[in-house]
Amino acid sequence: MSDATEKPVIANFIRNIIDEDNASGKWGGRVATRFPPEPNGYLHYGHAKSIFLNFGLARDYAGECHMRFDDTNPEKEEQEYVDAILESVRWLGFDWGQHLYYASDYFDQLYAFAESLIEQGLAYVDSQSAEEMRANRGTHLEPGRNSPWRERTAAENLDLFRRMKAGEFADGEHVLRAKIDMASPNFNLRDPVIYRIRHAEHHRTGNRWCIYPLYDYTHCISDALEHITHSVCTLEFEDHRPLYDWVLDKLMPKIGWHSQQIEFARLNLTYVVLSKRKLIQLVEAGAVDGWDDPRLPTLVGARRRGFTPEGFRLFTDRIGVSKADSWIDMSVLEECMREDLNLAAERRIAVLDPVRLIIDNFPADGQETCLAPNHPLKPELGKREIAFGRELWIEREDYMETPAKGFFRLYPGNRVRLRYAFVIECTGAELDSEGRLLAVHANYLPDTKSGTPGSDSVKVKGNIHWLPVHGSLAAEVRLYDRLFAVAHPGTDHDFMLDINPDSRRIIEARLESGLADAAPESRFQFERHGYFVADRRDHHPDRPVYNRTVGLKDTWQKSG
RNA sequence: AGGGGAGUCGCCAAGUGGUAAGGCAUCGGAUUUUGAUUCCGACAUUCGCAGGUUCGAUCCCUGCCUCCCCUGCCA
């Protein structure tokens, strides 16, 4: 990704392990990681952390990161998810090159290894029902009980397993279990199931198989077959590691590679939910418009919201990697997006809550052309013209009939600068019988035009944006806010009750005319408001639609 | 209760026997035609608690406390 902004790398425990391995020559200097999602849903912000970690490690150590789908559960997985996941990883800026893999590509090998485990007496076909197995698994206090089928001969097991594969049995009739230790304090070692019967169509292998391997058996072998060095996963797999190692130890003579599993703390973010189950619930309940709703913490949603890959990179660098459970506040992510967008986005003017401003001493047929820089930090991006006239749109909130303490914008008698134009002096306002603002009146000071000599001889504190009534355009603007109203949704009740009722406001705003022709996904800062993006799906030149990505910091409203 | 992990500033997070990096936030101040940005300054005598070892402990030892994960034929 960006190399110009390269910062010194901060140490973390995973890098330390890699450094030690490189120093000892454990992997011969090789670094191979992998990002292994199951294609049963869309990627979310938490996956971004894992993607930047894994692909970032490969980049920094001149290694490789494999893109691999953990597709061993045919009933939940679909090609649609594979496509969306690949697109999101690409969007974040990563390229897996030739290294695209599917666990399902290893089904033949996985099966052969299972037969070998059986032959070695390390796996057996269990014919207990799921309920019996559960009852015999034991508890934290009591060891499990051996299955009555645990001592079947290798020949018998092999015959049964082959018939399972051949489709002679119904779902659930038999399973293949690793023969480890029913008394282990680690439940994962109490003879874990490694194959189950599923007469289901797989999105890639179709109906070729009716038995499918389970995660614990598949993942470690996939890693080893690909010669992964550091297999990075989240903390909840920590007590699966003994099983990961058991399988690879037993298969060492056949595979000759034993990857190292390393666990880190997954991302916890406030004001949002990141569990697949809850995301599905939000979509199915219609609380959001779909998987790419800009409020949803999915990567497709982030993209539509206007979040940037670079912003996610800043974010993952900023939060670091460790094994401590932690909660990151949503404001950290938002600030990272601002940081990137401040540099990346050109400025434009938008009046979100328009009210008329009439310059009474400006001729009705008068005309002035004002120049506005496209980016204050990048003068090379040039300027654009905005037509100044007698009637303008300004923000309703930029006027106060009776100003609050510290308010330095428009109120009777006060002077402000119309940004990139003239200084004006407010003469009053028209209000209806309910006190609602209809129009603001002012006189302009002709010698104060921005960019002309002596323009700043008149000093003012306030500086507000405006748009001409004739020559600006009406557009739909979607003001997105946090999906949940509380930091920790569902703490002691249904999380759906914590949805922020104001997470989206759709308004009719006035925009600079040039904004109609911007390509979908073009990002801008609407001055004094925040960052906005032309909606990826709904924005058209004849019907502009902009989404608010994130607002600018506002220390006035915060303290006021 | 058994097993596996974690506890360093408001939020993250380095460090690990030699006297607490950094980032974010916050608070001052400067600049500013975005109440934005930028810039400058401040910000842990202290590393969950209590003992012990040591010339010296956040780091080693002992005990305790708190939090997270684990009984899918999910991943």
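Just so it is clear, the model here is predicted, and its values are computed rather than measured. Hydrogens, waters and symmetry mates play no part in the numbers below; they use all other heavy atoms, side chains included. Naming convention: chains lettered A, B, ... in sequence-line order (proteins, then strands); numbering from 1 in each chain.
- Going from the P atom of B/rA6 to that of B/rG22 covers 26 Å, rounded to whole Å.
- One finds no salt bridge joining A/Glu395 and A/Arg409 here, because no Lys/Arg side-chain nitrogen approaches an Asp/Glu carboxylate oxygen to under 4.0 Å.
- Nearest-nucleotide mapping onto RNA chain B: of A/Pro376 and A/Lys76, the residue sitting toward the 5' end is A/Pro376.
- In this structure, A/Tyr215 does not count as stacked on the base of B/rA75 under the 5.5 Å centre distance and 30° plane angle limits.
- Look at A/Arg137 and you'll find a side-chain N or O under 4.0 angstrom from OP1 or OP2 of B/rC73.
- Side-chain N/O atoms of A/Lys553 include one lying less than 4.0 angstrom from OP1 or OP2 on B/rU37.
- The ring pair (Phe, Tyr, Trp, His ring centres under 6.0 Å) contacts involving residues 322-351 of chain A comprise A/Trp327-A/His488, where partners must be two or more places apart or lie in separate chains.
- Of the candidate nucleotides B/rC70, B/rC73, B/rA75, B/rC70 has the atom nearest to the side chain of A/Phe187.
- Comparing the P positions of B/rU26 and B/rC47 gives an interatomic distance of 27 Å, to the nearest angstrom.
- Separation of the P atoms belonging to B/rA36 and B/rG29 is 13 Å when rounded to the nearest angstrom.
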Could you go through the salt bridge (Lys or Arg N to Asp or Glu O under 4.0 Å) check for A/Asp19 and A/Arg15 one step at a time? CA-CA 6 Å; A/Asp19 290 340; A/Arg15 286 175 179 276; over 6 Å; no
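- Of the C1' atoms belonging to B/rU8 and B/rG41, the separation is 25 Å, rounded to the nearest Å.
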Please tabulate the protein-to-nucleotide N/O contacts below 3.5 Å involving nucleotides 8-12 of chain B, giving atom names and distances.
{"residue": "B/rC11", "atom": "O3'", "partner": "A/Trp327", "partner atom": "O", "Å": "3.4"}
{"residue": "B/rC11", "atom": "O2'", "partner": "A/Trp327", "partner atom": "O", "Å": "3.4"}
{"residue": "B/rC12", "atom": "OP1", "partner": "A/Trp327", "partner atom": "N", "Å": "3.0"}
{"residue": "B/rC12", "atom": "OP1", "partner": "A/Trp327", "partner atom": "O", "Å": "3.4"}
{"residue": "B/rC12", "atom": "O2'", "partner": "A/Ile319", "partner atom": "O", "Å": "2.5"}

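- Taking the O4'-C1'-N9-C4 or O4'-C1'-N1-C2 dihedral as appropriate, B/rG72 has a value within 90° of 0 and is therefore syn.
- At a threshold of 4.0 angstrom between heavy atoms, the contacts of A/Arg198 include nucleobase atoms, whether or not backbone atoms are also involved.
- Both A/Leu141 and A/Glu238 lie close to RNA chain B; mapped to their nearest nucleotides by heavy-atom distance, the more 5′-ward contact belongs to A/Leu141.
- Across the C1' atoms, B/rG7 and B/rU58 are found 12 Å apart, a figure rounded to whole Å.
- At the phosphate of B/rG72, OP1 or OP2 sits under 4.0 Å from a side-chain N or O atom of A/Arg134.
- Counting non-hydrogen atoms under 4.0 angstrom, A/Gln128 reaches a base of the nucleic acid.
- In this structure, A/Thr555 reaches the B/rA36 phosphate: one of its side-chain N or O atoms is under 4.0 Å from OP1 or OP2.
- Taking the six-membered ring for Trp, A/Tyr195 and A/Phe161 have ring centres closer than 6.0 Å.
- Checked against the 6.0 Å centroid threshold, A/Phe69 and A/Tyr101 do not count as a close aromatic pair.
- Contact record, A/Pro39 with A/Val82: CB-CG2, 3.5 Å, taken as the closest heavy-atom pair.
- Nearest nucleotide to the A/Trp556 side chain, out of B/rU34, B/rG35, B/rC69: B/rG35.
- Judged by distance alone with a 3.5 Å cut-off, a donor-acceptor contact links the side chain of A/Asp239 to the base of B/rG3.
- Ion pairing of A/Arg68 with A/Asp223 is present here, as a side-chain N (NZ or NE/NH1/NH2) and a carboxylate O approach within less than 4.0 Å.
- Using a 4.0 Å heavy-atom distance criterion, A/Gly451 is classed as a base contact.
- Of the side-chain N and O atoms in A/Thr72, one or more sit less than 4.0 angstrom from OP1 or OP2 of B/rA75.
- Remark: the A/Arg190 side chain and the B/rU71 base include no donor-acceptor N/O pair separated by less than 3.5 Å.
- Rounded to whole Å, the C1' atom of B/rA44 lies 15 Å from the corresponding atom of B/rC11.
- Looking at heavy-atom distances under 4.0 Å, A/Asp216 makes no contact with the nucleic acid at all.
- Of the P atoms belonging to B/rU62 and B/rA21, the separation is 29 Å, rounded to the nearest Å.
- Side-chain rings of A/Tyr546 and A/Phe532 stay apart, their centers remaining 6.0 Å or farther from each other.
- On the C1' atoms, B/rC9 is 12 Å away from B/rC24, given to the nearest whole Å.
- Counting only heavy atoms from C-beta on, A/His140 has its side chain closest to B/rG2 among B/rU34, B/rG35, B/rG2.
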Taking it one step at a time, do A/Glu339 and A/Arg318 satisfy salt bridge (Lys or Arg N to Asp or Glu O under 4.0 Å)? CA-CA 12 Å; A/Glu339 190 170 320; A/Arg318 193 161 291 179; 2.6 Å; yes
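- Taking every side-chain heavy atom of A/Glu335 into account, B/rC24 is the closest of B/rU34, B/rU71, B/rC24.
- Side-chain atoms of A/Arg241 and base atoms of B/rG4 include no donor and acceptor less than 3.5 Å apart.
- Each of B/rG72, B/rA75, B/rU37 was ranked by its minimum atom distance to the side chain of A/Leu377; first place goes to B/rU37.
- In summary, the aromatic rings of A/His240 and A/His219 are positioned with their centroids too far apart to meet the 6.0 Å limit.
- When each of B/rG15, B/rG5, B/rC74 is scored by its nearest atom to the side-chain atoms of A/Arg196, the top-ranked nucleotide is B/rC74.
- Between A/Phe307 and A/Phe315, the ring center distance fails the sub-6.0 Å criterion.
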Per-nucleotide pairing state of RNA chain B [Watson-Crick or G-U, under 3.5 Å; [ ] pseudoknot-crossing; | other strand]: .(((((((.[[[..)..(...]]].(((((.......))))).....[[[[[..)....]]]]])))))).....
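- Side-chain rings of A/Phe312 and A/Phe52 stay apart, their centers remaining 6.0 Å or farther from each other.
- Heavy atoms of A/Gln525 sit under 4.0 angstrom from at least one base atom.
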